[in-house]
J.: 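My structure is below; once you've seen it, I'll send some questions.
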Amino acid sequence: MWAGIACAATGLASTHATAEALLVIEAESGKVLFGENAAHPWYPASVTKLMTAYVTLRAVKEGRITLEQPFVVSANAAAQNPVKMGFPVGTVVTVDNALKMLMVKSANDIAVVLAEGVSGSVPAFLGEMNRTAAELGMTATHYNNPNGLPDEGQVTSARDMAILARAIYREFPEQEMLFRIPAIKFGKRVIRNHNKLIDHYVGAAGMKTGFICASGFNIVASAKRGNKRLIAVVFGGYSGARRNEDVARLLEKGFSPLATISAVFRREPGAVESIQNIAVAPVNIQADICGKGRKRAPSESDIEEDTADNADSDAQAKGAKGWKQPLLTDLPPSMEPIPVSVVPSPQAKVAAEEVKGKGKRKKGRGSQNGEQPAEKPAASKVVSPQGGPLLPLSAQLAATPTAADAATEQASPNQPLEFAPLKSSMAQFAPPVARPSASAPAAEPAEPLRRVVTAASGEAVPPAALKEQATPPAEKADALPRSAQAFAPDSSLVFTPVLRSMGEDAEPPVELPATAPLPRPRPKL
């Protein structure tokens, strides 16, 4: 029976040079139900984050930190390679939210955030990781980073990872849900777990996936049915989909009533700790996983896509001996996506406010580009004098009168006002100046002369009447606002236009015809 499992689980060995490391044990007792290549050193990839979470939870249990304690994203964390959350430097995240992002998103930057927050620095945290591995008896394991990015000195084995998984469930049973969250929700974004056994395999209880080219597709999985919990490890999967099927088959056979008896007949080790790790170089299958033989090389991350290349490998496996229908299916969601949040960095807050402010200005109803027009200063407003063109109001007129001006006004209230000339592009006009006559000397008459305009059939209008009609009452002028009084006539002002002498250049009186010819009617068309 277990030979059939080995053939099915490693069926791709007949089509590829890849060899897998397989192991399934009972979580409670540690009894080995099946193992193959479980003692060979392997690159762990992102299953490293199980140790990162274990050391963090130990620090919480010891009282060194709390789940609500905020950690800050450093420049070192933000510089990590994908997959990552991508938070800016200075972003604040609690330990609880960081652990959820670590397990679901497999964020490499969050692993560094936890390492620096728990131990003060990444080297100090690595010291804790390696000491913990030694305490648990993980003799083939060594860590050089907290996230599992490619490193030749970062190795483990299927046996060691099964021991770590047992320790997590044994010491932190209250955190069991942390390793089986199907998705997290960050704002409006929903991030799914890379472990496709969750909500697709009956009894799946989570754990962690990982991938780099040198290791292939790895997984540490857990499942529980009734009172029996199993832990399965698969290293070296050719694709994410094939790896998931392989671990599902291991779990399915492990739940069989004959699993324990079959292990005895095959002389499997009694407990996982009794497996002896092999001191050889780590298995490196990069040529098979990311070599030229693949149509599309997988990504150097935990993003596991069901590409056409995966479908081709599955089609080839259908002809392998012992191949069966997939064991994974769509199940009802075990829980809704878990919300997570962070506190943005001050720089991110300022940038967000600037973007928000630009968006509001774009939505305004001002100019053509949507920005609100700036208010014009008072000096640029236009006023209209009585009967005159529109001229810009002088800044001197709009200014507050000085003390000297006020004293002058009090001393002679009826004195004509003097204004500074208006600067305008329009032509300025002055009243005509009388020319001195050659025959008579220029002398100012005792009484100012008045020009009388006569019509052909009218009478002369006396100057006094003109003066009375042209001069408004003083109280009306005073009632006008100050800005308009500059253009209102003053009752104290007397206009005395100077006339030219009636010489040869004198202008003749204007004569108007009594009647004017009517326009000729237009002919009808």
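Computed from a prediction, not measured in an experiment: that's the story for all the values here.
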J.: Would a 4.5 Å heavy-atom cut-off, applied to side chains only, mark Y143 and M51 as touching?
T.: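 In contact.
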J.: Would L126 and E128 count as a side chain to side chain contact (heavy atoms under 4.5 Å, CB included) if you check the C-alpha gap in whole Å, the side-chain angles of each, and the deciding distance to 0.1 Å?
T.: CA-CA 5 Å; L126 292 176; E128 289 198 49; over 6 Å; no
J.: Take D96 and Q69 through the side chain to side chain contact (heavy atoms under 4.5 Å, CB included) test and state the conclusion after the steps.
T.: CA-CA 8 Å; D96 181 66; Q69 185 168 339; over 6 Å; no
J.: Rounded to the nearest 0.5 Å, what separation is found between the CE atom of M161 and the CZ atom of R159?
T.: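 That separation rounds to 12.5 Å.
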J.: Does T52 use its side chain to pair, donor to acceptor, with the backbone of P146 at less than 3.5 Å?
T.: yes
J.: Does R242 reach the main-chain N or O of G237 with its side chain, forming a donor-acceptor pair under 3.5 Å?
T.: no
J.: What's the verdict on side chain to side chain contact (heavy atoms under 4.5 Å, CB included) for H200 and I198, showing C-alpha distance, side-chain angles and the deciding distance?
T.: CA-CA 5 Å; H200 293 86; I198 301 175; 5.9 Å; no
J.: Is the count of non-hydrogen atoms from other residues, nucleotides or ligands lying under 6.0 Å from K185 atom NZ greater than 12?
T.: no
J.: Answer whether the closest heavy-atom distance between the side chains of L230 and I25 falls below 4.5 Å.
T.: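 A side-chain contact is absent here, since even the closest heavy-atom pair is not under 4.5 Å.
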J.: Would you say that more than 12 heavy atoms from the other residues, nucleotides or ligands in this model lie under 6.0 Å from the CD of E174, or not?
T.: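 Atom CD in E174 is crowded, with more than 12 foreign heavy atoms closer than 6.0 Å.
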J.: Checking side chain to side chain contact (heavy atoms under 4.5 Å, CB included) for the pair V202/L331: CA distance, chi angles, key distance, verdict?
T.: CA-CA 8 Å; V202 178; L331 301 174; 4.2 Å; yes
J.: Could you go step by step and tell me if K208 and S46 meet the side-chain hydrogen bond (donor to acceptor under 3.5 Å, both in side chains) rule?
T.: CA-CA 8 Å; K208 190 71 188 73; S46 281; 4.8 Å; no
J.: Would you find a donor on one side and an acceptor on the other, under 3.5 Å apart, between the side chain of N108 and the backbone of N81?
T.: yes
J.: If you look at every heavy atom in V92 and P70, which pair is closest and at what distance?
T.: CG1-CB, 3.3 Å
J.: As a quick check of understanding, evaluate side-chain hydrogen bond (donor to acceptor under 3.5 Å, both in side chains) for E252 and Y201, giving each step before the final call.
T.: CA-CA 10 Å; E252 194 68 20; Y201 177 76; 2.9 Å; yes
J.: Does Q80 use its side chain to pair, donor to acceptor, with the backbone of N76 at less than 3.5 Å?
T.: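 Checking the backbone N and O of N76 against the side chain of Q80, a donor-acceptor pair under 3.5 Å is found.
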J.: Quick one: pull up OG1 in T139 and CD in Q276 and give me the separation to the nearest 0.5 Å.
T.: 7.0 Å
J.: Looking at E28 and K224, does any basic side-chain N land under 4.0 Å from a carboxylate oxygen?
T.: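 A salt bridge is absent here (no side-chain N lies under 4.0 Å from a carboxylate O).
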J.: So, N195 side chain and T209 main chain: donor-acceptor pair closer than 3.5 Å or not?
T.: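 Absent.
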J.: Going by an N to O cut-off under 4.0 Å, is there a salt bridge joining E268 and K31?
T.: no
J.: Any sub-3.5 Å donor-acceptor pair from K84's side-chain atoms to A78's backbone N or O?
T.: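 Yes, K84 side chain to A78 backbone: donor-acceptor pair under 3.5 Å.
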J.: Does the side chain of T260 come within less than 4.5 Å of E26's, by heavy atoms?
T.: yes
J.: Heavy atoms, side chains only, cut-off 4.5 Å: are V95 and I65 in contact?
T.: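 Counting from C-beta outward, V95 and I65 do come under 4.5 Å.
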J.: Which of parallel (below 30°), tilted (30 to 60°) and perpendicular (above 60°) describes F87 and F186?
T.: tilted
J.: Closest heavy-atom contact between D160 and G137?
T.: OD1-O, 4.3 Å
J.: Please say whether more than 12 non-hydrogen atoms of neighbouring residues, nucleotides or ligands are located less than 6.0 Å from CZ in R58.
T.: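 Above 12, so yes.
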J.: Does the cation-pi check pass for R229 over Y169, that is, NZ or CZ under 6.0 Å from the six-membered ring centre and within 45° of its axis?
T.: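 Yes, R229 and Y169 form such a contact.
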J.: If you round to the nearest 0.5 Å, how far is CD of Q175 from CD1 of I168?
T.: 10.5 Å
J.: I need the minimum non-hydrogen distance between S341 and M101, along with the two atoms involved.
T.: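 S341 and M101 have their closest heavy atoms at O-CE, 4.2 Å.
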J.: Please name the pair of heavy atoms, one in L251 and one in A232, separated by the smallest distance, quoted to 0.1 Å.
T.: CD2-CB, 3.7 Å
J.: For T132 and E135: C-alpha separation, side-chain torsions, deciding distance, then whether side-chain hydrogen bond (donor to acceptor under 3.5 Å, both in side chains) applies.
T.: CA-CA 5 Å; T132 302; E135 292 173 6; 4.9 Å; no
J.: Are E176 and R180 within salt-bridge range, i.e. N to O under 4.0 Å?
T.: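 Yes, this pair counts.
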J.: To the closest 0.5 Å, what do you measure between CG (D199) and CG (L328)?
T.: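 Nearest 0.5 Å value for the CG-CG distance: 11.5 Å.
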J.: Do K105 and V83 have side chains that approach each other closer than 4.5 Å (heavy atoms only, starting at C-beta)?
T.: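 Side chain of K105 against side chain of V83, heavy atoms only: contact under 4.5 Å found.
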J.: Is the distance between the ring centroids of F235 and Y43 under 6.0 Å?
T.: no
J.: Give me the one residue out of T141, N277, N218, T48 that meets side chain to side chain donor-acceptor pair (under 3.5 Å) with T156.
T.: T141
J.: Check whether Q154 reaches the backbone of N145 with its side chain - one donor and one acceptor, N or O, closer than 3.5 Å.
T.: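 Yes, because the side chain of Q154 sits within donor-acceptor range (under 3.5 Å) of the backbone of N145.
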J.: Please check this pair: side chain of N144 against backbone of D151, looking for a donor-acceptor N/O pair closer than 3.5 Å.
T.: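 Side chain of N144 to backbone of D151: no pair is present.
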J.: Can you check whether L164 reaches L136 side chain to side chain, under 4.5 Å on heavy atoms?
T.: yes
J.: Does a side-chain heavy-atom distance below 4.5 Å link I231 with V272?
T.: no
J.: Could you state the interatomic distance from CZ (F179) to CG (N193), rounded to the nearest 0.5 Å?
T.: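 Separation between the atoms: 11.5 Å.
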J.: Could you check whether any side-chain heavy atom of T66 comes within less than 4.5 Å of a side-chain heavy atom of T94, counting everything from C-beta outward?
T.: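 Not touching, per the 4.5 Å side-chain cut-off.
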J.: Can you tell me how far apart CG (L102) and CD1 (I184) are? Round to the nearest 0.5 Å.
T.: 10.0 Å
J.: Taking the six-membered ring of F217 as reference, does the NZ or CZ atom of R243 fall below 6.0 Å from its centre and within a 45° cone about the axis?
T.: no
J.: Tell me whether E245 contacts the main-chain N or O of L327 through its side chain, where contact means a donor paired with an acceptor under 3.5 Å.
T.: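 Side chain of E245 to backbone of L327, a donor-acceptor pair under 3.5 Å: yes, one is there.
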J.: Examine distances only and state if a side-chain atom of R64 and a backbone atom of T56 form a donor-acceptor pair shorter than 3.5 Å.
T.: no
J.: Heavy atoms only: give me the nearest A45-F211 pair and the separation to one decimal.
T.: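 Taking A45 first and F211 second, the nearest heavy atoms are CB-N, 3.4 Å.
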J.: Regarding K61 and the six-membered ring of F172, is the cationic atom NZ or CZ under 6.0 Å from the ring centre and inside 45° of its axis?
T.: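 Yes.
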J.: State, to 0.1 Å, how close A271 and V32 come at their nearest heavy-atom pair, and which atoms those are.
T.: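 That would be C-CG2, 3.6 Å.
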